Amino acid sequence: MSLPPGALLPHQRLPHVEPGMRIGLYGGSFNPPHAGHRLVSMIAMRRLKLDRVWWLVSPGNPLKDHDGLPDTAARCAWARETAASSRIDITAVEEALGVSYTRDTITFLTRRFPQVHFVWLMGADNLASFHRWRGWREIAEAVPFAVIDRPGWTLSAPQSPAAQALARFRMPEIRAATLADSPPPSWTFLHGPRTPLSSTELRARKKATNSQ
């Protein structure tokens, strides 16, 4: 798997990277991006001692309906405004690669940058459905991952099929700062400030307002 020859569009380019960096990977449709995405990123950078977080703006989540999904260039522009941080990078590299699955993205990045310490970031709601992701066990074996708590998922997410299957690899939260340097499979569950915001809810609000 490789990037296509020729120049990439600006929003498809990979962020700057240096050997030894600790980078959180936060994937999603970002339709729309919101303060909750930024909160998760800031918590992850602080608790996991990350150098940066990359928002991987997906061409479309394979588990969701793509009807009415704005193009990646627009969503990347919105994401940059929302992130409002020099330590959060925005990229639609998955579009350039022609991939939609996290497994394929992680395979590409870990092979392209073998000296970088990547950590996959996900909300607790995603952990609950992680067992439905294509190649979820391969993802867990490729990079450590951190789960950030969300309202309504504090107790149920750790009981999900994937969490139970990987229970013996769960790192105590007090050791979260060492996660990026830990060999996979390894993961932790981070508690802290939470927000009920979700892209699904924001789209529903906008639709309701427009229909009035």
Side-chain angles (χ1 to χ4, degrees), residues 1-4 6-17 23-45 50 52-109 112-113 118-127 129-130 132-134 139 143 145-148 150 194-211:
M1 186 188 308
S2 61
L3 290 170
L8 299 178
L9 296 173
H11 69 284
Q12 297 174 334
R13 294 172 185 161
L14 283 166
H16 174 73
V17 64
I23 297 175
L25 302 174
Y26 192 18
S29 299
F30 295 95
N31 180 34
H34 53 74
H37 293 128
R38 188 179 191 279
L39 177 63
V40 165
S41 302
M42 302 309 288
I43 289 173
M45 278 193 282
L50 302 176
R52 311 188 72 81
V53 169
W54 293 0
W55 288 7
L56 302 172
V57 180
S58 170
N61 187 328
L63 299 178
K64 297 181 180 179
D65 183 5
H66 300 174
D67 186 40
L69 182 67
D71 63 37
T72 54
R75 285 180 283 132
C76 282
W78 301 337
R80 275 187 288 273
E81 293 179 6
T82 303
S85 171
S86 60
R87 294 177 62 196
I88 299 177
D89 298 304
I90 317 298
T91 176
V93 65
E94 290 178 321
E95 181 178 60
L97 289 169
V99 302
S100 298
Y101 294 101
T102 297
R103 177 193 62 185
D104 299 328
T105 304
I106 289 176
T107 297
F108 168 76
L109 291 175
R112 179 75 175 263
F113 305 113
F118 289 113
V119 177
W120 185 259
L121 308 177
M122 70 170 80
D125 53 325
N126 289 134
L127 177 62
S129 61
F130 191 33
R132 297 177 55 205
W133 293 23
R134 178 174 291 187
I139 295 171
V143 292
F145 67 93
V147 180
I148 294 82
R150 292 204 61 193
R194 300 178 300 175
T195 174
L197 281 175
S198 74
S199 295
T200 300
E201 181 181 351
L202 291 175
R203 290 197 303 273
R205 288 183 190 174
K206 182 178 180 180
K207 184 177 180 179
T209 300
N210 292 340
S211 64

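Please read these numbers as outputs of a predicted model, since none were measured by experiment.
Between the side chain of Thr91 and the backbone N or O of Val93 there is at least one donor-acceptor pair closer than 3.5 Å. Judged by distance alone, with hydrogens and angles left aside, the side-chain atoms of Arg103 form no donor-acceptor pair with the main-chain N or O of Ile139 at under 3.5 Å.
Here Val53 pairs with Tyr26, Ser41, Met45, Leu50, Trp55, Leu121 under the side chain to side chain contact (heavy atoms under 4.5 Å, CB included) rule; sequence neighbours left out. Take Asp104 and apply the side-chain hydrogen bond (donor to acceptor under 3.5 Å, both in side chains) test, not counting sequence neighbours, and it matches no residue. Evaluation of the salt bridge (charged side-chain N to carboxylate O under 4.0 Å, His left out) rule for Asp89 yields Arg52 as partners, not counting sequence neighbours. Applying the side-chain hydrogen bond (donor to acceptor under 3.5 Å, both in side chains) rule to Thr72 yields the partners His11, Glu95; only residues at least two apart in sequence or on another chain are considered. In this structure, the side-chain hydrogen bond (donor to acceptor under 3.5 Å, both in side chains) partners of Thr105, at least two apart in sequence or on a different chain, are Glu94. Partners of Leu39 by side chain to side chain contact (heavy atoms under 4.5 Å, CB included), not counting sequence neighbours, listed by chain and number: Ile43, Pro193, Thr195. Under the ring pair (Phe, Tyr, Trp, His ring centres under 6.0 Å) criterion, Phe118 pairs with Trp54, sequence neighbours left out.
Counting heavy atoms from C-beta on, the side chains of Ile23 and Phe113 never come closer than 4.5 Å. Under the 4.5 Å side-chain criterion, counting only non-hydrogen atoms from C-beta, Tyr101 is not in contact with Thr107.
Contacts classified as salt bridge (charged side-chain N to carboxylate O under 4.0 Å, His left out) and involving residues 70-87 (residues at least two apart or in different chains) are not found.
Leu3 CG to Phe108 CZ: the interatomic distance, rounded to the nearest 0.5 Å, is 4.0 Å.
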For Thr102 and Phe130, run side-chain contact (heavy atoms from CB on, under 4.5 Å): C-alpha distance rounded to whole Å, both residues' side-chain angles, the deciding distance at 0.1 Å, then the answer. CA-CA 11 Å; Thr102 297; Phe130 191 33; over 6 Å; no
